[in-house]
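As the structure is a computational prediction, the values presented were derived from the model and not from experiment. Each chain gets a letter, A, B and so on, in the order its sequence line appears, and its residues count up from 1.
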Number of protein chains: 2
Amino acid sequence: MPYPSGHAEKSKAKIVEAARCLFNAHGFEKVTIDMVMKEAGLTRGGFYRHFASKEVLYGAAVQSFLMGKGAEWRADAGVDPTNLSPEMGQQMLDSYLSAKHLGELENQCPMIALPSDVARQSPEVRQAYQNLLTAMVWLFESTQEGSAAKRRQRALAMSALCVGGMVLARTIPDSELSEEVRAAAYQAASDLTKT
Amino acid sequence: MPYPSGHAEKSKAKIVEAARCLFNAHGFEKVTIDMVMKEAGLTRGGFYRHFASKEVLYGAAVQSFLMGKGAEWRADAGVDPTNLSPEMGQQMLDSYLSAKHLGELENQCPMIALPSDVARQSPEVRQAYQNLLTAMVWLFESTQEGSAAKRRQRALAMSALCVGGMVLARTIPDSELSEEVRAAAYQAASDLTKT
DNA sequence: ACCAAAAGATGTCCTTCATCATCTTTTGAA
DNA sequence: TTCAAAAGATGATGAAGGACATCTTTTGGT
């Protein structure tokens, strides 16, 4: 089997990563196979050796965030999922609802960058999106205090605040209002942990 | 000036309403001028008598919700913006974060149906989106109790919970988790009014 | 060195639209 | 009744892009 072993996997990973960045910035429809392959340092033709369709790539791109850039992101933010303390939950809030995260179009969480895009895709893509949510909820739930039901409810609400606050802040044009929304969501989510 | 007076306006309104439904359900890219005009009971060609481009139509469609279907929606939900009481704020939460609203793809609030779509559009379209948010925040702010700063902060957080909860619930495929998210966002938003 | 299968590159097909030019219909005003 | 301007319908154009058939390159195994 010619080509160094693991070559295909490496290429595939490069394609997924390029796709993730491009989809995040421009959405599903505006990104072409051409753009993705060029960004990955390859050419159009080879694409279908790795993926059955553009849609399958989209699912892979969303999914990739969890263990890829997302893990990197958590590391940078000082969020360590093996250390489940209330401080860690707060750390997560600090980073997720930060002005910095809002500005990082290419590397921000896909839950923020492409919700309505994903909502109209196949169940597989939506499942990938759900996996991101599940991970976030789990993290908040595990770092809460109080009864199981309370922790669950708060974790879900905190996730809704994270995504809702950032989605709104990212969409509206008035940067002052945008900042206000982000800050208010952060405040409310932080308050939830201390109730 | 031939054609009954007000004919053009009526046609334009029909086009916008058809567009609003279609965009809500399928997003900007997947909707064609053809589809919109057919839905409005007209044909492709006449479109550019009314709008300069598809994008301008999109902005008009988003904007139209506030005074059009949105007003109708508020009336049905018993939300009366001339009666600014805490009960009215709660009424708004009840309806916005309801399972019914979640299922109404065509008539649901565009803030839920197309955030990431709008985020990549022109400032005009994003302004229309912001107008919806501003109206919602105003409504919550006006029906809160407490200091101005507190009311403002809570109103923004409640809006983030409304949009975030519904966006997540609409996007994930697991209907059980979806329902859980919706309910948690509702609970948290309701709690905010009583703090 | 040689072969072949995997991976990548090139060229092309075919469909889908947004947009516009042009033609037809409608009806208020003269 | 006639005219003309507004509104609507029809047909055409041109570009974009997903998908794929077909070459070409690469290199591990022999």
* Asked: For the pair made of NZ in A:Lys38 and C1' in C:dG8, what is the distance, rounded to whole Å?
  -> 15 Å

* Whole-Å distance between D:dA7 C1' and B:Met37 CE? -> 10 Å

* To do: Answer yes if the side chains of A:Gln108 and A:Asn24 hold a donor-acceptor pair under 3.5 Å, and no otherwise.
  => no

* To do: Whole angstrom is fine here: how far is it from NE2 in B:His50 over to C1' in D:dA9?
  => 12 Å

* **Integer-rounded Å distance: C:dC20 C1' and B:Arg49 CZ** => 11 Å

* Asked: In whole angstroms, how far is the C1' atom of C:dA7 from the CZ atom of A:Phe51?
  -> 14 Å

* B/S/- contact track for nucleotides 10-19 of chain C, protein heavy atom under 4.0 Å -> BBB----SSB

* Structure fact -> Rounded to whole Å, OH of A:Tyr58 lies from C1' of D:dG18 at a distance of 17 Å

* Please determine, by modelled atom types, if A:Thr193 and A:Gln144 share a side-chain donor-acceptor pair under 3.5 angstrom. => no

* Parallel, tilted or perpendicular: ring planes of B:Phe28 versus B:Phe23, cut at 30 and 60 degrees -> parallel

* Grab the NE2-P distance between A:His26 and D:dG17 for me, whole Å please. => 12 Å

* To do: State whether a side-chain donor-acceptor pair under 3.5 Å links A:Gln121 with A:Asp117.
  => no

* A:Ser122 side chain to A:Glu124 side chain, donor-acceptor N/O pair below 3.5 angstrom -> yes

* Asked: Would you say the side-chain atoms of B:Ser64 and B:Glu17 include a donor-acceptor pair closer than 3.5 Å?
  -> no

